[in-house]
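Heads up: the structure comes next, in structure tokens.
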Amino acid sequence: MTTTHSAVLRPPAAPGPLEWLRKNLFSTWYNTVLTLLAAWVAVSGVRSILGWVFFTANWSPVAGSLKLFAVGQYPLDQIWRPGAIVLIITLLAGASWRIFGGTVRTFALALALALLVAGLLPVRMNLGLRLWFLANPILTGAGYLAGGLRLVRTRGLAVAWALTFPVTILLLLGFKDSAWLPRVATGVWGGLLLTFLLAVVGITASFPIGVLLALGRRSKLPVVKTMCILFIELVRGVPLVTILFMASIILPLFLPEQIRIDRVLRAMTGMTLFAAAYMAENVRGGLQSIPRGQEEAAKALGLNGFQTMALIVMPQALRAVIPAIVGQFIALFMDTTLAVIVGLVEILAIGRIVLNSRTDWLMLDSEVFLFIAVVFWVFTFSMSYASRRLEAALGVGKR
Amino acid sequence: MSDASEDIIICRDVHKWFDDFHVLRGVSMTIKRGEVVVICGPSGSGKSTFIRTINRLEDHQQGDIIVDGIELTNDIRNIAAIRSEIGMVFQQFNLFPHLTVLSNVTLATIWVRKWSKAKAEENAMQLLERVGIPEQAHKYPGQLSGGQQQRVAIARALAMQPKIMLFDEPTSALDPEMIKEVLDVMVELARSGITMIVVTHEMGFAREVANRIVFFDVGQIIEQNTPDEFFLNPQHERTKLFLSQIL
């Protein structure tokens with residue numbers, strides 16, 4: 001007869017930190033040597049980098065051109081306009097923090113804290129700018145409080161976020177012959193502002209277009225299917241630089257004289273279409289991973305084709321390809337730097353302009369490019385962090 | 001016209017091809033309201049394909065299928081009308097893994113029947129009670145055992161209050177221990193008077209509740225009879241061979 005354990009057994013305890021070190025890093029004499037060697041390389045590497053950053057490097061081109069890096073040639077007397085947009089975003093971020101919590105809280109807090117620290121820096125700063133910095137965390141707090149009101153609900157917040165977009169464009173662009181909101185030509189938009197605009201427009205527009213293209217490619221209608229395949233394969237077969245050139249130089253040659261599409265808009269269109277083709281293939285990959293039984297079960301319940309796609313197939317397909325989609329978004333964000341070849345001065349182009357603006361700054365490219373790299377890293381890392389959290393949140397119940 | 005309302009499913013000389021492969025070779029069958037029909041036969045005999053033509057998951061290329069007075073054609077409105085009258089349970093359950101058990105069951109009533117959420121959930125909870133797993137309502141399908149998943153699938157199909165239930169080998173993907181819990185639900189259902197067509201190899205179930213057993217081979221009905229006659233007195237050589245192998 002076999003005995004059964006009446007008591008539930010505990011899993012073996014995890015080793016303590018000292019035990020772990022001994023077992024993993026110092027188990028034999030050559031592992032000890034390797035550990036010490038690696039530690040020495042790591043410490044001296046970090047020391048020399050930190051030494052360069054804090055003592056050797058000359059940050060004056062970065063510190064002296066922050067306005068250029070932020071908004072490019074946007075006129076100084078109108079700079080409150082991009083400033084107001086950031087204020088709207090921090091306010092909405094506060095409200096979203098209250099309503100969604102979780103990762104949204106992390107981002108709202110990080111944004112508010114960063115702006116607060118910037119506002120408190122003990123450096124010479126225009127009073128208006130300092131007040132603006134400080135207003136941001138206050139608005140985040142206000143948004144957080146407002147998020148608790150009955151009035152503000154998930155749907156209202158979504159509408160507010162969606163409205164932010166046209167408001168941003170109108171505010172930046174202004175109106176012809178308007179006294180207090182004069183037109184600012186897109187030609188002088190630049191820096192991080194332009195990088196953001198290109199990326200946000202590219203991401204939000206390419207996603208739905210990509211989904212539609214993926215569905216079209218699987219369509220049973222031969223014309224739709226052929227058109228989608230043609231578009232996807234044509235665009236994927238051509239470098240982004242070529243598409244940007246086509247959009248901004250060749251396309252106007254075919255259009256009549258009177259129709260002049262704005263240069264920034266042309267670049268946005270080119271990038272959106274480029275990203276949409278890749279997005280379509282990512283989404284198609286997701287669609288193919290969903291077993292046919294899902295669609296059959298939905299149809300057997302009486303759901304129509306649209307409901308089956310929107311409620312059953314697409315949510316699962318998109319969830320399966322979140323890493324690929326976010327990778328695509330990050331690539332798009334970094335591809336915005338290619339807009340320089342059609343004459344747009346996004347942040348990387350600003351870097352070059354700054355370097356060339358004074359002879360004593362000419363040799364300081366390490367500082368300038370490191371700064372730009374860090375800016376890019378902060379945003380792309382945020383995106384991939386958000387994606388990992390999203391995967392975790394959506395993976396609930398899936399084993 | 002008592003005859004028309006008596007017969008809920010009428011199939012006349014149904015043919016189907018997968019490319020060149022002739023799967024259904026002239027199947028004719030009439031099923032009465034409230035009848036429980038078990039279809040059995042060797043694999044590849046077309047029995048699954050046949051019940052899938054009844055709710056148009058597969059189209060037939062020749063012959064007529066009339067369900068509850070509506071003829072199945074390519075007309076999308078007819079297909080929608082028929083599908084909302086027929087519940088289907090699959091071998092692989094096909095629950096929606098991204099939705100909770102409760103949402104799986106309420107989905108169709110909310111989106112197709114346009115019920116309010118409260119009404120749909122009340123209906124769903126009653127059905128989950130009926131299949132014996134109300135406590136699992138807020139879990140996801142992936143957290144349930146196979147037998148529980150299949151019972152959720154039955155509840156999901158019943159939510160639409162169908163007149164006909166189709167079962168496509170509902171216990172074939174289950175561990176032996178879980179087959180009984182699913183069969184118990186099906187037996188209870190069969191006794192409730194709903195029309196059922198069940199493709200299965202569970203001969204015990206067939207003997208207990210079926211009004212009629214239909215034996216399929218190479219896309220045709222070889223023999224059909226009451227359970228007693230079918231098991232004790234099979235007429236056809238092919239049926240005898242099949243029964244000798246599975247009993």
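Lettering of chains follows the sequences in order, A, B, ..., and the numbering in each one begins at 1. Below, each value reflects all heavy atoms present in this structure, side chains not excepted, and no hydrogens, waters or symmetry copies.
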Next on the checklist: Does any backbone or side-chain atom of Arg56(B) lie under 4.5 Å from a heavy atom of chain A? Answer side chain, backbone, both or neither.
Outcome noted: neither

Checklist entry - With the threshold set at 4.0 Å, does a side-chain nitrogen-carboxylate oxygen contact exist between Lys16(B) and Asp59(B)? => result yes

Item to check | Contacting moiety of Leu57(B), where chain A heavy atoms sit under 4.5 Å | outcome: side chain

Item to check | When Glu85(B), Arg113(B), Arg156(B) are compared by non-hydrogen pairs under 4.5 Å with chain A, the top option | outcome: Arg156(B)

Checklist entry - Is chain A contacted by the side chain of Ile76(B), its backbone, both, or neither, given a heavy-atom distance below 4.5 Å? => result neither

Item to check | Top contributor to chain A interface from His98(B), Met88(B), Met160(B) [non-hydrogen pairs under 4.5 Å] | outcome: His98(B)

Item to check | Pairing of Arg388(A) and Glu391(A) as salt bridge, 4.0 angstrom limit | outcome: no

Next on the checklist: Run the ring pair (Phe, Tyr, Trp, His ring centres under 6.0 Å) test on His15(B) and His22(B) for me, step by step, so that the C-alpha distance in whole Å, both residues' side-chain angles and the decisive distance to 0.1 Å come before the verdict.
Outcome noted: CA-CA 8 Å; His15(B) 287 263; His22(B) 200 174; 5.2 Å; yes

Next on the checklist: Looking only at the aromatic ring of each residue, does the gap between the centers of Phe274(A) and Tyr278(A) stay below 6.0 angstrom?
Outcome noted: yes

Item to check | Per-residue contact mode, Gln307(A) against chain B (heavy atom under 4.5 angstrom) | outcome: side chain

Checklist outcome for this item: Given Gly305(A), Ala297(A), Gly302(A), the one with more heavy-atom pairs under 4.5 angstrom with chain B than any other is Ala297(A)

Item to check | Top of Ala157(B), Ala108(B), Pro162(B) for chain A proximity - count of heavy-atom pairs under 4.5 angstrom | outcome: Ala108(B)

Checklist entry - Is any NZ, NE, NH1 or NH2 atom of the basic residue among Glu233(A) and Arg217(A) found under 4.0 Å from an Asp or Glu carboxylate oxygen of the other? => result yes

Checklist entry - Do Phe90(B) and Phe167(B) have their ring centres less than 6.0 Å from each other? => result no

